[in-house]
Amino acid sequence: MNNEITISELARLMNVSVHQLRYFEEKDVLTPAYTDHNQYRMYGMDQVYQLAHILLLRKLGVPVQSIKECMTSYSADQHKQLLHQSLQEINTELLRLQGLQRFITKVLQEQQEFILSSDEYRIKWRDTAYLSHWLEIDAQTKLTARSLAERASQLPNLFESDIYYIENEANILTLYTETQTQGPGVLTLPEGNYLSAQRLIHEDDELEQVVEQFFVYAAAQSYVIAGPVIIIEKSYLSLFPPNGLHYELQALLEPHPEGSQPT
DNA sequence: CTTCTCACA
DNA sequence: TGTGAGCA
């Protein structure tokens with residue numbers, strides 16, 4: 001009786017391509033039970049089990065090369081080490097995906113917030129935040145690709161996170177990124193109510209005017225600003241049309257005197 | 001339907 | 001680490 005099956009039947013059975021099966025054979029991990037007189041590869045139960053084993057190890061990220069050595073001569077200890085290694089690779093991959101998940105969630109949330117509060121001033125509460133010093137530039141000089149390449153040591157995921165600009169009295173613009181921990185070179189942003197405005201900027205000089213308007217608005221509302229204006233660039237929002245750079249201006253407000261809350 | 005080889009990501 | 005095209 002012919003209990004063996006052809007390559008296409010095995011491929012269909014195990015949900016792999018015929019190509020892949022011949023590739024496994026070339027790499028010496030799956031040999032047919034025998035080859036028929038017409039040169040057709042024929043596979044039996046042994047091969048079905050073996051292929052299931054191979055596919056399982058592949059799912060764990062084990063290279064085909066290792067699978068070969070694994071099935072020929074590997075100690076129990078080496079098997080265990082292989083599994084531990086693949087486990088830790090999967091864990092780092094999981095961390096990578098969780099990072100992407102957080103990023104996407106943040107983009108969606110921020111763009112929603114932008115749509116809702118575009119061209120409006122709001123007061124919003126901010127918890128204490130920590131900004132880690134990234135680089136300083138003269139307020140007049142523009143940020144260029146060269147200055148990034150020269151000055152910026154390393155910033156993972158450039159432009160995937162918020163970039164904070166704070167200008168001091170000496171006209172020096174300092175760029176910060178958010179960080180979780182306190183430490184050297186880390187600026188603490190106190191918690192409190194911040195006046196906030198979000199704007200879409202198309203021209204470079206447009207930002208200065210927006211900052212001026214920000215102060216004018218604050219004065220008109222009798223807000224007392226208790227610190228520098230913080231400009232937050234959210235470049236990742238430019239993923240969405242209309243294009244331009246998304247900025248949010250924030251400034252810490254002194255607590256309002258009783259009875260003078262704006263309506 | 002299978003085989004093999006080659007080029008291509 | 002595979003895939004797709006073309007051939008016999």
Side-chain angles (χ1 to χ4, degrees), chain A residues 1-108 110-111 144-146 148-150 152-161 163 177 234-245:
Chain A
M1 275 174 255
N2 256 359
N3 287 325
E4 284 74 29
I5 58 179
T6 66
I7 196 169
S8 61
E9 287 174 310
L10 181 61
R12 223 169 63 95
L13 181 66
M14 305 299 286
N15 281 307
V16 293
S17 69
V18 170
H19 261 95
Q20 211 175 339
L21 295 178
R22 284 197 280 255
Y23 177 73
F24 287 157
E25 184 177 345
E26 183 184 316
K27 295 296 174 190
D28 274 336
V29 287
L30 183 70
T31 317
Y34 65 93
T35 82
D36 215 348
H37 300 111
N38 51 14
Q39 302 286 354
Y40 287 12
R41 294 163 173 82
M42 301 303 289
Y43 301 89
M45 273 310 291
D46 289 352
Q47 285 69 45
V48 173
Y49 279 114
Q50 188 156 21
L51 178 55
H53 189 174
I54 294 166
L55 294 176
L56 183 56
L57 290 177
R58 286 299 296 120
K59 275 201 236 176
L60 302 187
V62 179
V64 172
Q65 177 66 24
S66 304
I67 294 177
K68 174 186 170 174
E69 291 158 5
C70 179
M71 295 196 303
T72 56
S73 60
Y74 245 40
S75 69
D77 215 50
Q78 287 172 301
H79 276 89
K80 201 173 80 178
Q81 196 175 356
L82 202 67
L83 292 183
H84 272 111
Q85 187 184 329
S86 105
L87 179 61
Q88 86 115 320
E89 280 166 12
I90 284 168
N91 280 336
T92 71
E93 181 70 357
L94 203 54
L95 254 39
R96 189 185 71 85
L97 290 174
Q98 280 168 347
L100 283 176
Q101 187 179 51
R102 279 195 300 275
F103 174 67
I104 294 172
T105 305
K106 175 183 168 131
V107 170
L108 285 173
E110 294 269 6
Q111 85 118 27
T144 63
R146 179 147 309 280
L148 284 186
E150 285 171 354
S153 45
Q154 82 293 347
L155 184 67
N157 316 80
L158 184 60
F159 299 136
E160 284 181 26
S161 51
I163 300 173
T177 54
K234 302 176 177 183
S235 55
Y236 49 83
L237 283 184
S238 304
L239 281 169
F240 302 94
N243 275 25
L245 277 179

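Below, chains carry the letters A, B, ... as their sequence lines are ordered, and counting in each starts from 1. Small disclaimer: the values here were computed from a predicted structure and weren't measured.
- Side-chain contact between A:Tyr49 and A:His53 is absent, with no heavy atoms from C-beta onward closer than 4.5 Å.
- The closest donor-acceptor contact from the side chain of A:Thr35 to the backbone of A:Arg41 lies at 3.5 Å or more, if one exists at all.
- Atom C1' of nucleotide B:dT3 and atom OH of A:Tyr43 are separated by 12 Å, given to the nearest angstrom.
- Using a 4.0 Å cut-off between charged nitrogen and carboxylate oxygen, A:Glu93 and A:Arg96 count as a salt-bridge pair.
- Counting only N and O atoms by type, the side chains of A:Glu69 and A:Gln65 include a donor and acceptor under 3.5 Å apart.
- Atom CZ in A:Arg12 sits roughly 12 Å away from atom P in B:dT2 (whole-Å rounding).
- Per the geometry, CD belonging to A:Glu26 stands 11 Å off C1' belonging to C:dT1, to the nearest Å.
- Panel note: side chain A:His84, backbone A:Lys80; a donor-acceptor pair is recorded below 3.5 Å.
- Helical stems in DNA chain B, defined as runs of 3 or more consecutive Watson-Crick or G-U wobble pairs with both donor-acceptor distances under 3.5 Å, are listed by first residue as B:4-9 with C:1-6.
- A donor-acceptor pair under 3.5 Å links the side-chain atoms of A:Asn38 to the main chain of A:Tyr40, judged by distance alone.
- Among the nucleotides B:dC1, C:dT1, C:dG2, the one closest to any side-chain atom of A:Pro63 is C:dT1.
- Distances from the side chain of A:Ser8 to the nucleotides B:dT3, B:dC1, C:dT3 place B:dC1 closest.
- The distance from atom CG of A:Asp36 to atom P of B:dC1 is 17 Å, rounded to the nearest whole Å.
- Summarising the geometry, the separation between CD1 on A:Ile67 and P on C:dT1 is reported as 8 Å, rounded to the nearest angstrom.
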Each nucleotide of nucleotides 4-9 of chain B classed B (base within 4.0 Å of a protein heavy atom), S (only sugar-phosphate) or -, in 5' to 3' order, makes S-----
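- Heavy atoms of other residues, nucleotides or ligands lying less than 6.0 angstrom from CG of A:Asp77 number 12 at most.
- By the 6.0 Å contact criterion, CD on A:Glu9 is enclosed, its count of non-hydrogen atoms from other residues, nucleotides or ligands being greater than 12.
- A:His37 has its NE2 atom 18 Å from the P atom of B:dT2, to the nearest Å.
- Look at CD on A:Gln20: it is 8 Å from C1' on C:dT1, rounded to the nearest Å.
- Counting to the nearest Å, the P atom of C:dG2 and the CG atom of A:Leu21 are 11 Å from each other.
- If you run side-chain contact (heavy atoms from CB on, under 4.5 Å) between A:Tyr43 and each of A:Leu30, A:Val48, A:Leu13, only A:Leu30 comes through.
- Listed pair A:Ser17 / C:dG2 fails the phosphate criterion, with no side-chain N or O lying under 4.0 Å from OP1 or OP2.
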